[in-house]
Amino acid sequence: MRLSKLFAPTTKEAPKDAVLPSHIYLVRGGFIAQIGSGIYNYLPLGKMVLDKIRAIVKEELDNAGCQEVLLGFVTPYELWKESGRSEKFGSELLRFKDRKNNDFVLGPTHEEAMVDLVRNRVKSYKQLPLHLYQINTKFRDEARPRYGLLRGREFIMEDGYSFHESVEDMQREYALMEKTYSKILDRLGLRYRAVEADSGAIGGSGSKEFMVLAENGEDDIVICEKCDYAANIEAAKRAKKGVSNEEIEMTPGDFHTPDVRTIDELAAFFRIDPGHLVKAVAKKALFEDHEEIVLFFLRGDDTLQETKALSVTGALELTDATEEELEKAGLIPGYIGPEAENVTKYVDQELKDEDLMICGANRAEYHSVGYSFEGKDFDYRDLVTVKEGDICVKCGSRLTLTRGIEAGHIFQLGTTYSEALGATFLNRNGKAEPFVMGTYGMGVSRLMATIIEQHHDDKGCIWTEETTPFEIMIIVSNSKNEQQRVFAEKLYEDLRAAGKSVLLDDRNERFGFKISDFELFGFPKAVIVGKGLAEGNVQIVQRKTLEKEDVSAETVLEKLMES
RNA sequence: CGGGGCGUAGCGCAGUCUGGUCAGCGCACUACCUUGGGGUGGUAGAGGUCGCAGGUUCAAAUCCUGUCGCUCCGACCA
């Protein structure tokens, strides 16, 4: 390809809303262009990268025995009603009507569509297992699209669905997919961790996320310093930390604590470590048909993990409760304690059997001192947000926090959807049973941005060998120089004949302009055909290091063919 | 969903408060000259119903109303 003919509009300036390297460089380098909020066009260079990622994903999945299909991007709304998930997905699900007034959605994921495809077509255990996947456009009407390709509304994703006759076989496939996804990310040249995850709106039991490590990631992940434990902050567990009760003396009873309502105030008032306090977090839980106040009790120095909290309540959503709402429920804000009555309560497991605590007395201006959880039959759950320095449940070492970008997610789904949609097969005993399913997803367009988040410098992109649009760029330093031009043309033809993907910068521009574009594009290497040619030399530049190496013009072709 | 901001040339912006002399700047683009190893310098050009609709006025980019779009912080987010 000749750069003079390539549609790759590079710019010096980035869009004003672009803050992340991947967003800035992909737009500046002419890989992508925004057309609407959270919707991007892929220009030739971007499309090339996308195709490469896609090809790697396909190759590895096919090797693992999966079969590619392509489902309609538009899905009848009927299927979403059938699975009961239309409510849960809420306004992220883009609905519309056709001319006959029938309802449709733009697919944000395709569990329903895929189950529909398989039900009544796969009827026997003899046809299982089956793993179908597609690489298709998805649409989620994000409340707030941002960060370029990392959080768009329209995006490209690989989504796979496997069908099994037993949980064991599904788990075998799940393990296979963990390996397969790892292979894909390895080939893409990414640093990542597979972490324990919350299963969220999709339902199901076990799930793991593939987190590409990046400072700009939107997810907090917890990693053990010693062992292989890693988890999304939403799902991360920790060992019970406890609090020393030495040198603590308390006379049990209610204590007058006027205007002492927060944990900080309470700790200061009693001159005590917040670990000895009981924090009450009140939320309003919204269910399909009603709403109610729910209380969560934690150690004073812990914070509530809302995802865990939501999951224990089984509600659709948790929102902050106002003081009026609390009072209406018979609670006294600032003085709520575990003995509160007529309200749903959950207590963090950390507090089980703890003694010598201070908590709200459920009456105005009083706290209970010397409170004990021993023998108290509360609903103990894991509710806390793990902090840096907490203790690993697996090995007892220290946990650290880092950030990541979710690139993939695998789920042990079970029978949730096959049951809801009535998808069954005949088992070995001739009885109808719902399929046991697994579901797997990998964000193809997001990976493109992710690669740049991890591989860039202050000049632009740095593509990996497996993802670069072109292997080599040839820069003619002075296109008015006939000798340079002719040599570059010859080298270009020779490399192409040898099967290399080459981009020839034949534009009538100055050297600085061209080398800057090369750095912005980020192809692995460039050959500079410049003034050294008079002495029989050209240069090879490595994009990653920006190191230039003089090479004799006669051997440069050979040299380039080696790598 | 709560709270802000912005729509003026392909991109980034000034002009709006105080209506008329206001269709402007930088980059990019076209032609010619110049330069030729880190976005060279110059001359001459092309390009905009000032997001859209309505209103006020002798007069609207500017004031009013509505509407659409984009965006930032937060909430939310397989």
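Predicted, not measured: the structure shown is a model, and the values here were computed from it. Reminder, nothing fancy here: chain letters follow the sequence lines and each chain counts from 1.
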Does a side-chain heavy-atom distance below 4.5 Å link Gln483(A) with Val529(A)?
no
How is Lys548(A) classified with respect to the nucleic acid when contacts are heavy atoms under 4.0 Å: base, sugar-phosphate, or nothing?
base
Rounded to whole angstrom units, what separation is found between the NZ atom of Lys16(A) and the C1' atom of C11(B)?
11 Å
Testing U35(B), G37(B), G74(B) for proximity to the side chain of Arg510(A), the answer is U35(B)
Interatomic distance, Arg446(A) CZ vs C77(B) C1' [rounded to whole Å]:
9 Å
A28(B): pairing nucleotide in any strand, Watson-Crick or G-U under 3.5 angstrom:
none
The complete set of side-chain hydrogen bond (donor to acceptor under 3.5 Å, both in side chains) pairs with one or both residues in residues 34-45 of chain A, sequence neighbours excluded, reads His23(A)-Tyr40(A)
Which nucleotide, U71(B), G38(B), C77(B), lies nearest any side-chain atom of Gln34(A)?
U71(B)
So which one's nearest nucleotide on RNA chain B is more toward 5', Leu533(A) or Glu234(A)?
Leu533(A)
Output for pair (Leu520(A) CG, Tyr25(A) OH), nearest 0.5 Å, gives 8.0 Å
May I have the distance from Arg543(A) (atom CZ) to G38(B) (atom C1'), rounded to whole angstrom?
14 Å
Assign Gly441(A) to base, sugar-phosphate, or nothing according to its heavy-atom contacts below 4.0 angstrom with the strands shown.
nothing
For His131(A), ring-ring contact (aromatic ring centres under 6.0 Å, His included) partners two or more places apart
Tyr440(A)
Report the base-pairing partner of A9(B) (Watson-Crick or G-U wobble, both distances below 3.5 angstrom), or none.
none
Side-chain contact test, heavy atoms from C-beta onward, threshold under 4.5 Å: evaluate it for Val105(A) versus Arg95(A) and give yes or no.
yes
Got a donor-acceptor pair under 3.5 Å from the side chain of Glu519(A) to the base of G38(B)?
yes
Interatomic distance, Leu149(A) CG vs C77(B) P [rounded to whole Å]:
22 Å
What is the separation between atom CG on Leu318(A) and atom C1' on C77(B), rounded to the nearest whole Å?
15 Å
Give me the distance, rounded to whole Å, that separates C52(B) from G69(B) when you measure between the C1' atoms they each carry.
10 Å
List for me each residue that meets ring-ring contact (aromatic ring centres under 6.0 Å, His included) alongside Phe163(A), sequence neighbours excluded, and say none if there are none.
Phe435(A)
Shortest side-chain distance from Ala143(A), nucleotide among G38(B), C1(B), G37(B)
C1(B)
With rounding to whole Å, what would you report as the distance between A9(B) and G47(B) at their P atoms?
15 Å
Applying ring-ring contact (aromatic ring centres under 6.0 Å, His included), name anything that partners Tyr346(A), two or more places apart in sequence or on another chain.
Phe296(A)
Can you tell me the Watson-Crick or wobble partner of G2(B), both distances under 3.5 angstrom?
C73(B)
Identify, between His110(A) and Tyr147(A), the residue whose nearest nucleotide on RNA chain B lies closer to the 5' end.
Tyr147(A)
Interatomic distance, Glu218(A) CD vs C76(B) C1' [rounded to whole Å]
11 Å
Take atom P in C13(B) and the same atom in C1(B), then report the distance between them in whole Å.
27 Å
Taking every heavy atom of Arg403(A) against every heavy atom of Asp220(A), the minimum-distance pair comes out as NE-OD1, 3.1 Å
Using ring-ring contact (aromatic ring centres under 6.0 Å, His included) as the criterion, list what pairs up with Phe521(A), not counting sequence neighbours.
Phe523(A)
Within residues 477-489 of chain A, the residues having a heavy atom closer than 4.0 Å to RNA chain B are Ser477(A), Asn478(A), Lys480(A)
Sugar-phosphate, base or nothing in reach of Asn508(A), heavy atoms under 4.0 Å
base
What's the closest nucleotide to the side chain of Ile528(A) if the choices are C77(B), C76(B), G37(B)?
G37(B)
I want to verify a distance call: between C77(B), C70(B), G74(B), whose nearest atom is closest to the Glu142(A) side chain?
C77(B)
Using atom P in both nucleotides, what's the gap between G42(B) and U35(B) to the nearest angstrom?
15 Å
Quantified in whole Å, what is the P atom distance between nucleotide C6(B) and nucleotide C64(B)?
13 Å
How far, in whole Å, is U30(B) from A61(B) if one measures between their P atoms?
32 Å
Using a cut-off of 4.0 Å on non-hydrogen atoms, how would the nucleic acid contact of Pro108(A) be classed: base, sugar-phosphate, or nothing?
base
Looking only at atom P, what distance separates U56(B) and C70(B), rounded to whole Å?
31 Å
Expressed as a whole number of Å, how far does the P atom of C77(B) sit from that of G19(B)?
49 Å
Using OP1 and OP2 only, check whether a side-chain N or O of Thr11(A) sits under 4.0 Å from C27(B).
no
NA contact type, Met157(A), heavy-atom cut-off 4.0 Å: base, sugar-phosphate, or nothing?
base
Ignoring hydrogens and angles, answer whether the base of C72(B) and the side-chain atoms of Arg146(A) contain a donor-acceptor pair closer than 3.5 Å.
no
Using Watson-Crick or G-U wobble geometry with both distances under 3.5 Å, which nucleotide pairs with A46(B)?
none
Rounded to whole angstroms, how far apart are NE2 on His409(A) and C1' on C77(B)?
13 Å
Testing the 3.5 Å rule here: is there a donor-acceptor pair between the side chains of Thr439(A) and Glu111(A)?
yes
For Phe511(A) and G37(B), give me the distance from atom CZ to atom C1', rounded to whole Å.
5 Å
